[in-house]
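For reference, the structure discussed in these notes is given below.
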Amino acid sequence: MVLEAWFMDESSQDQRLPHHLNPKQFVSLDQLAELGVLYWRLNPKNYENDEELQKIREARGYSYMDLLDLCPEKVTNYEEKLKNFYTEHIHADEEIRYCLEGSGYFDVRDESDQWIRIWIKAGDLIVLPAGIYHRFTLDTSNYVKLMRLFVGEPVWTAYNRPQEDHPARKEYIKGLTGQAGVPVEAH
Ligand SMILES: CSCCC(=O)C(=O)O
Ligand SMILES: [Fe+2]
């Protein structure tokens, strides 16, 4: 299995649990691509010297890079940051994260506002489009090391939901297939 993603149940149990529906309902990479979510599988041991990663960065203009080691010893205001990560939000730009160690869940809303949980592990590079509602949580392994990429000077500002009038949100909705206010048949 390349990358596992599934529709979430809405129970109030621990956010670090998988939250599968019963029966499980998986989501394919194609379904994620329709939402504008991109994915690559790379060799995380080679991240400092990886031609494939270099090619992606060049092709997409990802000039900025830093590392985020998500553990209480290395992150100031750890608990508060985790809380903010799990508050539903959008950004004006892509969110690009490459998992180098550990694992975690990116939750994204689909076109009908259902949560899809994406399980990222070492080697997974994921791009969330600007304007998509999302959130992040650690899983029960409680640890992740991420590479953050960005086009130019990074802006990490999160705009919490609702953001229906935010330009990035409007653009995102416009770009969803058949969601531009025009019936699909009319294209
Ligand atoms: C821990 S990286 C993912 C959290 C997030 O959505 C963000 O930083 O905006
Ligand atoms: Fe985010």
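Whatever order the structure lists them in is the order used to number ligands and atoms, beginning at 1.
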- Query: Are Glu95 and Phe106 close enough, and set up right, to give a side-chain contact (heavy atoms from CB on, under 4.5 Å), and what steps lead you there?
  - Reply: CA-CA 11 Å; Glu95 178 162 319; Phe106 276 100; 3.2 Å; yes

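Nearest protein heavy-atom contact of atom 2 (S) of ligand 1 is Arg97 NE, 3.2 Å. At the shortest separation from atom 1 (C) of ligand 1 among protein heavy atoms lies Phe85 CE1, 3.5 Å.
The CZ atom of Phe85 lies 7.5 Å from the CZ atom of Phe136; values are rounded to the nearest 0.5 Å. Interatomic distance, Arg41 CZ to Ile126 CD1, rounded to the nearest 0.5 Å: 13.0 Å. One finds the CD1 atom of Ile96 at 10.5 Å from the NE2 atom of His91 (value rounded to the nearest 0.5 Å). Annotation: the span from Tyr86 atom OH to Tyr105 atom OH amounts to 10.0 Å, rounded to 0.5 Å.
Salt bridge present: Arg109 and Glu88 bring a charged side-chain N and a carboxylate O closer than 4.0 Å. Salt bridge Lys145/Asp69: absent, no basic N to carboxylate O contact under 4.0 Å.
Between His166 and Tyr159, the gap from one ring centroid to the other is short of 6.0 Å.
A heavy-atom separation below 4.0 Å is found between His89 and ligand 1.
Cluster membership for Val127 and Leu149, using ILVMFWY side-chain heavy atoms within less than 4.5 angstrom, is shared.
The residue Val144 has no part lying near ligand 1, judged by heavy-atom distances below 4.0 Å. By the criterion of a heavy-atom distance under 4.0 Å, the side chain of His91, and not its backbone, is placed next to ligand 1. Contacts between Trp156 and ligand 1 below 4.0 angstrom, taking non-hydrogen atoms only, are absent altogether.
Within the listing of ligand 1, atoms 1 (C), 3 (C), 4 (C) sit less than 4.0 angstrom from a heavy atom of Phe136. Near Phe106, with a cut-off below 4.0 Å to any heavy atom, the atoms of ligand 1 are 3 (C). Residue Leu146 approaches ligand 1 through these ligand atoms, each under 4.0 Å from one of its heavy atoms: 1 (C), 2 (S). Atom numbering of ligand 1 starts at 1 in the shown order; those under 4.0 Å from a heavy atom of His134 are 6 (O). In the vicinity of Glu95, heavy-atom distances shorter than 4.0 Å reach the ligand 1 atoms 3 (C), 4 (C), 5 (C), 6 (O), 7 (C), 9 (O).
The atom name of the N/O/S atom in Glu95 closest to the Fe ion (ligand 2) is OE1. Nearest N/O/S atom of His91 relative to the Fe ion (ligand 2): this is NE2.
Centred on the Fe ion (ligand 2), the angle running from His134 (NE2) to His89 (NE2) is recorded as 80°, rounding to 10°.
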